[in-house]
Amino acid sequence: MSSESHALDAAPLQGGRPPGKPDARPGLSRVTLTLARCPEHPDGSTGRGYEIVAPLTPDGHLDPALWRETRDRCRVRRFWIGEPDRHGRLVHRAGGEGGATWLIDYEDWTNEDDEAGYHLGTHVFVEGEYVSIRDAGGAVYRTFKVARLTHPDGGDGS
């Protein structure tokens with residue numbers, strides 16, 4: 001595999017489902033985020049990012065009410081060249097700026113591996129938009145581009 005490509009279809013998100021076919025009910029979408037331009041990667045990196053099954057409103061915002069109904073299906077796969085994929089879940093927790101925080105939780109028994117999003121509740125998940133996620137155990141936020149958005153009906157975000 002080249003240093004800047006990552007076969008998203010090579011590994012399922014969970015439970016043997018192919019990445020293009022999320023275990024989703026209406027309202028859940030598969031969002032692929034790829035590392036945006038940064039000093040270490042001036043052209044960004046398609047081999048570093050996240051694949052998230054997320055509860056989105058029709059206009060692309062994270063939907064806390066839908067998350068409460070579908071939280072077991074809101075899964076995340078972190079892919080990073082040179083590292084094994086990490087699998088976790090999208091979590092909505094009370095507290096934080098605006099009264100709640102969206103984050104990625106990899107292990108239930110600790111918060112040290114959590115990766116918090118920066119104002120994810122106010123961002124729109126639309127292809128071409130940007131979001132920031134803090135590295136686990138660090139204060140470094142990385143910016144990611146919404147590279148792909150697919151909906152349960154198999155349509156794309158365009």
**Prompt:** Any idea which heavy atoms bring D85 and R77 closest together, and the distance?
**Reply:** OD2-NH1, 2.7 Å
**Item:** Test item: V146 and L33 side chains (from C-beta on) under 4.5 Å apart, heavy atoms
**Value:** yes
**Message:** Side chains of L56 and L28, heavy atoms from C-beta outward: is any pair under 4.5 Å?
**Reply:** no
**Asked** Of the non-hydrogen atoms in D135 and R142, which two are nearest, and what is the gap between them?
**Response** OD2-NE, 3.1 Å
**Request:** Drop me the distance from R75's CZ to R89's CZ, to the nearest 0.5 angstrom.
**Result:** 7.0 Å
**Interatomic distance, R48 atom CZ to E83 atom CD [nearest 0.5 angstrom]** = 8.5 Å
**Prompt:** Quick one: OG1 on T46 to CZ on R148, what's the gap to the nearest 0.5 Å?
**Reply:** 13.0 Å
**Prompt:** Closest heavy-atom contact between T143 and L35?
**Reply:** O-CD1, 3.6 Å
**Asked** Under 4.5 Å between any side-chain heavy atoms of I52 and R30, yes or no?
**Response** no
**Request:** Quick one: closest heavy-atom pair of E51 and F79, and the distance?
**Result:** N-CE2, 4.0 Å
**Prompt:** Given side chains that start at C-beta, do those of D114 and R93 come closer than 4.5 Å, heavy atoms only?
**Reply:** yes
**Request:** Measure across S29 and H151 and return the closest heavy-atom pair with its distance rounded to 0.1 Å.
**Result:** OG-ND1, 3.2 Å
**Message:** As a quick check of understanding, evaluate side-chain contact (heavy atoms from CB on, under 4.5 Å) for R86 and E115, giving each step before the final call.
**Reply:** CA-CA 12 Å; R86 296 185 70 195; E115 296 180 339; 4.3 Å; yes
**Asked** Does Y141 have any ring-ring contact (aromatic ring centres under 6.0 Å, His included) partners at least two apart in sequence or in another chain, and if so, which?
**Response** Y118
**Message:** So, taking the atom named NE2 in H92 and the one named CH2 in W102, what distance separates them when rounded to the nearest 0.5 Å?
**Reply:** 5.0 Å
**Prompt:** Can the ring centres of F144 and Y130 be said to be less than 6.0 Å apart?
**Reply:** no
**Request:** Walk me through it: do D43 and R37 pass the test salt bridge (charged side-chain N to carboxylate O under 4.0 Å, His left out)?
**Result:** CA-CA 5 Å; D43 295 323; R37 293 173 44 172; over 6 Å; no
**Asked** For S45 and T34, which heavy atoms make the closest approach, and how far apart are they?
**Response** O-CB, 3.6 Å
**Message:** Rounded at 0.5 Å granularity, tell me how far CD1 in I104 sits from SG in C74.
**Reply:** 12.0 Å
**Message:** Whether the side chain of W67 engages the backbone of L90 through a donor-acceptor N/O pair (distance < 3.5 Å, no angle test) should be reported.
**Reply:** yes
**Message:** Can you tell me how far apart CG (L120) and CD1 (I133) are? Round to the nearest 0.5 Å.
**Reply:** 6.0 Å
